[in-house]
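For reference, the structure discussed in these notes is given below.
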Amino acid sequence: MSGLDKAALAALLDGAQDDARQAIERLGAQDVAVIDGAILAALTRDWKKAGFITAGVMIAAPDAHEDLPEAVYVHRIGALIEAGRIEGRGNADDLKTFEIRLAG
């Protein structure tokens with residue numbers, strides 16, 4: 001969970017606008033930890049819509065993260081699921097219906 005891997009970073013940069021691209025390029029391990037912490041802090045053991053969590057975390061993000069695209073937060077949710085820190089159910093490609101919660 002220390003950062004974005006190079007393949008994922010390249011995918012996020014592809015098609016990103018200049019401000020978003022620069023924001024992604026500036027991301028460091030501490031930034032990723034802040035994003036992960038915000039996602040985890042927004043969750044409980046109850047299922048919540050991933051889109052709702054993503055929007056809330058983006059709104060509350062520090063100024064340094066204001067240009068980050070939603071894709072970064074979606075990527076971090078996926079990484080947290082892979083790490084077993086959160087659980088997901090449904091279609092991860094549809095944030096309106098995909099649900100996440102803290103892992104048991």
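In plain terms, the two heavy atoms of Ile39 and Ile77 that are nearest each other are CD1-CG1, 4.0 Å. Between Trp47 and Glu87 the shortest heavy-atom distance is CZ3-O, 3.6 Å. When all heavy atoms of Gly84 and Ala103 are compared, the pair lying nearest together is O-CB, 3.1 Å. When all heavy atoms of Tyr73 and Ala61 are compared, the closest pair comes out as OH-CB, 3.7 Å. Residues Ile53 and Ala42 approach most closely at CD1-O, 3.6 Å, considering heavy atoms. The minimum heavy-atom distance between Gly88 and Ile100, with the atom names listed, is CA-CG2, 4.2 Å.
Side-chain contact between Val34 and His65 is present, with at least one heavy-atom pair separated by less than 4.5 Å. Ile35 is listed as a side-chain neighbour of Leu27, based on a closest heavy-atom distance under 4.5 Å. Here the side chains of Val57 and Arg76 are not in contact, with every heavy-atom distance at 4.5 Å or above.
Partners of Lys49 according to the salt bridge (charged side-chain N to carboxylate O under 4.0 Å, His left out) rule, which considers only residues two or more places apart in sequence or in another chain, are Glu99.
Under the 4.5 Å side-chain heavy-atom criterion for grouping Ile, Leu, Val, Met, Phe, Trp and Tyr, Val72 is connected to Ile86 within one hydrophobic cluster.
With rounding to the nearest 0.5 Å, the separation of CG in Asp67 from CD in Gln17 is 9.5 Å. The CD1 atom of Ile81 sits 4.0 Å away from the CZ atom of Phe98 when rounded to the nearest 0.5 Å. Between the CG atom in Leu80 and the CG atom in Asp36 there is a gap of 4.5 Å [rounded to 0.5 Å]. Distance CZ/Arg85 to CG/Leu40: 4.5 Å, rounded to 0.5 Å. Taking CG from Asp94 and CG from Asn91, the interatomic distance works out to 6.0 Å, rounded to the nearest 0.5 Å.
Side chain of Arg101 to main chain of Asp46: no donor-acceptor pair is present (N/O by atom type, distance under 3.5 Å, no hydrogens or angles).
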